[in-house]
Each structure stands twice: as structure tokens, then as C-alpha cells.
Amino acid sequence: MRRSRYFLPTLRENPAEAQIVSHRLMLRAGMIRQSSAGIYSWLPLGHRVLRKIEQVVREEMDAAGCQEVLMPAIQPAELWEESGRYHDYGKEMLRITDRHERPMLFGPTHEEVVTDIFRNSVRSYRDLPQNLYQIQWKFRDELRPRFGIMRGREFYMKDNYSFDIDHAGAVRSYNKMFVAYLRTFARLGLTSIPMQAESGAIGGDYSHEFIVLADTGESAVYCDRAWLDTDPLAMGIDYEADLQPIVDEWTRLYAATDDKHDPAACPVPEDGLYQGRGIEVGHIFYFGTKYSKAMGAKVTDPDGAEVPVEMGSYGIGVSRLAGAIIEASHDEAGIIWPEIAAPFKVGLINLRAGDAACDEACEALYSRLVEAGVEVLYDDRDERAGVKFAEMELIGLPWQVAVGPRGLKVGTAELKARAGGEAEALSFESVSARLIGG
RNA sequence: CGGGGUGUGGCGCAGCCAGGUAGCGCAUCUGCUUUGGGAGCAGAGGGUCGCCGGUUCAAAUCCGGCCACCCCGACCA
């Protein structure tokens with residue numbers, strides 16, 4: 001993509017309304033624009049990030065045996081009357097009426113819809129287990145939206161729902177999601193910590209929330225320092241095997257948010273206790289037959305008896321993750337994207353646009369990288385070097401390549417990692433090899 | 001929902017107290033000069049001063065109502 005033609009409205013100054021770093025940087029980097037309180041448009045750069053994150057989530061869901069669906073955003077109130085939540089959910093639910101005066105609502109979650117689908121289609125235990133997921137916009141009319149997309153009213157969410165014949169099966173499904181979540185956040189370069197949680201409005205018996213560590217996170221967390229050395233990607237996962245030992249291992253270490261942490265009762269000695277901040281990015285629930293009983297989602301078991309299906313639901317805030325990654329990875333100059341979530345892998349800077357030699361060298365490198373499938377944002381604008389460097393730092397692409405007359409005289413370009421380290425003068429061959437290879 | 005605050009060109013702000021018909025920096029456009037870390041000079045464009053009503057010869061400014069947005073707290077992916 002050529003910068004000269006890319007819709008990237010960056011801001012030089014901090015918008016007054018943005019108080020936290022991810023909000024500021026997302027606005028300044030031209031990723032998002034606010035439409036109304038807690039509701040945002042995602043501009044090209046932000047949209048690319050959203051797609052990248054979504055893709056990781058999708059891959060991990062698929063790997064764990066889930067199947068993607070897409071349910072309606074607008075739901076009929078009658079399903080919620082059945083579950084009993086229509087009156088319980090409160091003002092967070094956006095209620096609307098269609099032209100026939102039928103009460104509808106913009107879905108804040110999809111337990112009712114998916115249970116309806118299930119009960120209309122599945123009759124036998126032989127068809128279980130099932131686990132359906134979707135990635136879709138939700139709307140919750142929060143009392144106080146804030147922090148940009150971190151706590152919006154409209155937000156992009158992966159939600160999925162498991163169906164099992166019995167409790168043991170439901171626990172297996174729950175454990176798969178537990179492991180899949182650890183992997184998902186780790187692949188995005190985040191340290192996530194599962195914590196026992198209240199089940200809130202979803203209701204249920206068993207629940208974990210996944211908190212991602214970030215110094216600027218909104219809640220204080222206390223955990224065993226051993227968490228910081230854990231790597232979920234290092235363990236081999238067989239989703240068909242018994243995952244309980246892994247879940248046990250990952251719930252063995254102490255972790256608590258500030259409202260649950262009691263210094264007096266904390267089992268971890270002070271020097272082994274990590275105190276930091278975090279952001280909730282995922283939440284998993286096992287709630288058994290709460291919805292299946294209320295809505296009549298029953299299957300026939302091996303003995304011929306009709307039993308309500310055992311369910312769980314699982315959510316990841318995909319749009320929130322974009323903010324969480326920034327909170328966890330930025331510096332004074334801007335965002336530092338992990339490669340997997342970066343909108344482009346490489347920022348190519350032409351230090352002297354208009355100079356024939358620079359133009360030619362940049363065009364050649366740009367073509368070569370693009371043909372090799374590398375995502376490149378090529379700053380071909382007639383701007384001063386400082387403007388281009390500053391913007392590249394701000395938008396945080398993992399690799400910067402600077403091409404200027406100085407280096408060209410000796411046949412080199414400069415390669416620099418956004419995450420740190422000095423710029424290296426390398427031959428164009430080496431630059432290509434490095435960027436195409438890894 | 002309780003408490004606090006702010007609405008003035010795209011962004012950041014001044015002007016309001018002591019009413020007289022809108023200004024600064026950045027950004028944008030044009031020209032010239034410049035060109036390896038957010039350039040210089042000259043010129044130009046762009047504003048129903050959140051909205052409605054009131055007071056007044058005259059309202060960004062005073063009064064009343066409303067709306068929007070932000071921050072702190074209680075709740076959430």
C-alpha cells in the first residue's frame with residue numbers, strides 16, 4: 001500500500017477526550033474515529049488490526065473443534081421472555097420495536113438464539129458435543145462507556161456456545177476453551193491469567209475470566225510471579241486428550257483481582273507476589289442447564305430418556321484486544337505492534353521522494369516484498385524525513401526500512417525493528433531476505 | 001445512577017468575569033527556498049461560537065431550558 005493513497009488521518013496532538021494511552025494512540029494513529037459515546041468507526045489501519053486479531057481467534061477456535069456461524073444481531077424479545085432474561089437484563093439491553101410493533105432487541109449476547117437453533121435441530125445425544133462460535137458486533141448500553149474501544153457500547157466479540165449430554169462432557173468442552181484462550185492471548189503476544197470469576201448476568205456455576213497484564217490496565221491484579229514465566233504455546237495440545245491436568249496446572253498458581261485479594265490471606269509470600277494491572281479480555285462460563293431447561297432444549301440420551309442439554313458460553317472481546325495489545329505494548333513515540341496483529345509488517349520510508357535513485361530503489365524493493373506476500377506500507381510522499389519517521393513510530397509497524405541517498409551511495413538501506421534496537425545498514429538483498437524469510 | 005467538568009474552523013486552545021459582530025498554534029491549499037528525525041518565508045481558504053428561547057440598539061459573552069461529550073465512583077468482553 002502506498003502511503004500517498006492510503007486513508008490514514010493521523011493526528012499530531014492528543015485529542016482532549018482521550019485519557020488512556022490506547023485511546024490516544026488509536027485516535028492519533030488514525031485507527032478509529034468516534035461516532036457517539038462508546039461507538040466507533042474503524043478506519044483502514046484499525047480495521048486491518050481488527051481483522052488480524054480476529055483471524056488468530058478464529059484459528060484457535062477452529063483448532064479446538066468449534067464451528068463458525070453467524071447469528072442475527074437483531075433478536076426477537078420472545079426468546080428472552082422464554083429464558084426469563086428479558087426483564088432481568090435491564091437497561092443495558094437496547095430494546096427496539098419493528099413496524100409491526102413487535103418488541104425486538106439488539107443482541108448483547110446470544111445464549112437464547114443459539115439455544116433456539118439447537119432445540120430446533122438436535123434430538124439425539126449422538127449429535128453431541130457441539131460448539132458453535134461467531135464473531136460479531138454486540139451492543140450493550142453501558143451506563144458509562146469509556147476508554148475508547150476498551151469499554152464501548154458497541155463492540156466486536158467472539159462468542160461461542162457448547163452443548164454436551166452431561167456434566168463430564170460439559171467440563172471437557174469448558175477445558176478446551178480454557179486452553180484455547182490461553183493459546184489465543186499468548187499468540188497475540190499477551191500474558192493472560194485465568195482467574196476464578198463471578199458469573200454475573202450470564203448465570204452459572206463455574207467461570208474464569210482472562211486478564212491480560214498491562215501496566216495501564218484498569219484493574220489491579222495480584223499473582224504468583226511464576227505466571228510471568230509461563231508459556232502456553234510451549235505445551236503440546238491434543239484437544240481429544242484429557243485436558244484436566246493442564247487446566248489444573250494453570251489454575252494452581254495464585255491470582256486474584258484487587259476486590260478478591262486479601263493480603264492477610266494471600267498464600268504467596270510477598271517477594272513471590274507480582275502486583276500489577278490488567279485488562280479483562282475473555283470470560284468463560286459453565287452454566288449447565290440454565291437455558292436448556294427454560295427453553296426446552298432437550299436430547300434423547302442412550303437410555304431413551306429426554307434430558308436438557310448441558311451448556312457453556314465463552315467470550316473474547318476482539319475489539320477490546322486491539323486496545324489491550326496497545327496498552328501492553330507501546331512507548332513514548334507510539335504503538336509497538338506484535339507482528340501477528342500488525343496492520344502491515346513493514347514500513348518502507350523513502351527519505352527523498354522525487355530523487356530518481358531513491359524512487360527507483362524503493363519501487364524495486366516495494367515490488368519485491370509485495371510479490372513475496374509481505375504486507376508493506378510504502379511512504380512515498382513528498383514529506384520530510386522527520387515527518388515520515390515520526391509517523392512510522394506512531395503507527396508502530398514491526399519493521400522499518402529507510403532508503404536514502406546516503407545509504408544508496410554504498411548500496412545499503414537501513415532496517416530497524418520498532419520494538420527496539422539500532423538501525424542496521426544492510427544490502428537490499430539482505431533486507432529482502434530478512435523480511436521475506438521471517 | 002450519584003458526583004465533577006467541557007462544548008469556539010480538522011486537532012489543541014484563547015476570548016466570556018467587566019456585551020460592540022471572532023482570534024492564536026498546528027493542520028490544509030498556492031508559490032519560492034529547503035530536504036536523513038514532526039522545515040523557513042510569503043500569501044490564501046475554512047467557523048450557524050452545541051441547540052432552543054429570553055434580555056438588549058447590540059449576545060460567543062448575561063439569563064432560562066435542553067442536548068452532547070469527557071472524567072471520578074458502583075457494574076461489564
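Everything quoted here is computed from the prediction, not taken from an experiment. Order of the sequence lines sets the chain letters (A, B, ...), proteins ahead of strands, with each chain counted from 1.
Relative orientation of the A/Y6 and A/F344 rings is perpendicular, given thresholds of 30° and 60° on the angle between their planes. A perpendicular orientation is assigned to the rings of A/W80 and A/Y89, their planes being inclined by more than 60° (bins at 30° and 60°). Between A/F163 and A/F118, the ring planes lie parallel to each other; the angle is under 30°, not in the 30° to 60° tilted range.
Between the CG atom of A/L11 and the P atom of B/A27 there is a distance of 13 Å, rounded to whole Å. Between the CG atom of A/L27 and the P atom of B/G12 there is a distance of 10 Å, rounded to whole Å. Rounded to an integer number of Å, the gap from CD1 of A/I349 to P of B/G37 is 12 Å. Here the C1' atom of nucleotide B/C75 and the CG atom of A/D141 are 13 Å apart, to the nearest Å. A straight line from CG of A/L348 to P of B/G36 spans 18 Å, rounded to a whole angstrom. Computed from coordinates, the A/R144 CZ to B/A74 P distance equals 10 Å when rounded to whole Å. Atom CZ of A/R146 and atom P of B/C70 are 11 Å apart (whole Å).
Checked against a 6.0 Å centroid threshold, the rings of A/H283 and A/F285 count as neighbours. For an aromatic pair to be called close, the ring centres must be under 6.0 Å apart, and A/W227 with A/W250 satisfies this. Taking the six-membered ring where the residue is Trp, the centroids of A/H167 and A/Y286 are separated by under 6.0 Å.
Only the P atoms considered, B/C62 is 35 Å distant from B/U28, to the nearest whole Å. Using P as the reference atom, B/C16 and B/G50 are 15 Å apart when rounded to the nearest Å. Only the C1' atoms considered, B/G40 is 45 Å distant from B/G4, to the nearest whole Å. When the C1' atom is compared between B/C70 and B/C32, the two are found 44 Å apart, to the nearest whole Å. A gap of 12 Å separates the C1' atoms of B/G47 and B/G10, to the nearest Å. Straight-line distance between the P atoms of B/U56 and B/G15: roughly 28 Å, to the nearest whole Å. Nucleotides B/G53 and B/A14, compared at atom P, are 28 Å apart to the nearest Å. Distance noted for atom C1' between B/C17 and B/U61: 9 Å (whole Å).
Nucleotide B/C16 forms no Watson-Crick or G-U wobble pair with any nucleotide shown, as no partner meets the under 3.5 Å limit on both distances. Across all strands shown, B/G47 forms no Watson-Crick or G-U wobble pair with both distances under 3.5 Å. Summarising the base pairing, B/A22 is matched to no nucleotide, lacking a Watson-Crick or G-U wobble pair whose two defining distances lie under 3.5 Å. Pairing for B/U34 is absent, with no Watson-Crick or G-U wobble pair whose two atom distances lie under 3.5 Å. As the counterpart of B/G9, no nucleotide is assigned, since no Watson-Crick or G-U wobble pattern has both distances under 3.5 Å. Nucleotide B/C75 has no partner under the Watson-Crick or G-U criteria, as no pair reaches both atom distances under 3.5 Å.
When heavy atoms are screened at a 4.0 angstrom cut-off, A/G152 is found touching base atoms of the nucleic acid. Among the heavy atoms of the strands lying under 4.0 Å from A/E13 is at least one base atom, whether or not backbone atoms are also near. When heavy atoms are screened at a 4.0 angstrom cut-off, A/G317 is found touching base atoms of the nucleic acid. A/D355 comes within 4.0 angstrom of no nucleic acid atom, judged by non-hydrogen atoms across all strands.
Ion pairing between a basic and an acidic side chain is recognised when a charged N comes within 4.0 Å of a carboxylate O; A/R3 and A/E391 show such pairing.
Regarding contacts with the backbone of B/C70, a side-chain N or O of A/Q34 is found under 4.0 angstrom from either OP1 or OP2. Taking only side-chain nitrogens and oxygens, A/R384 comes nearer than 4.0 Å to OP1 or OP2 of B/A39. Contact between the side-chain N/O atoms of A/R140 and the OP1/OP2 oxygens of B/C75 is not found at any separation under 4.0 Å. Between A/K91 and the phosphate of B/C1, there is a side-chain N or O to OP1/OP2 separation shorter than 4.0 Å.
Aromatic stacking is marked for A/F155 over B/A77, as both cut-offs hold: 5.5 Å for the centres and 30° for the planes.
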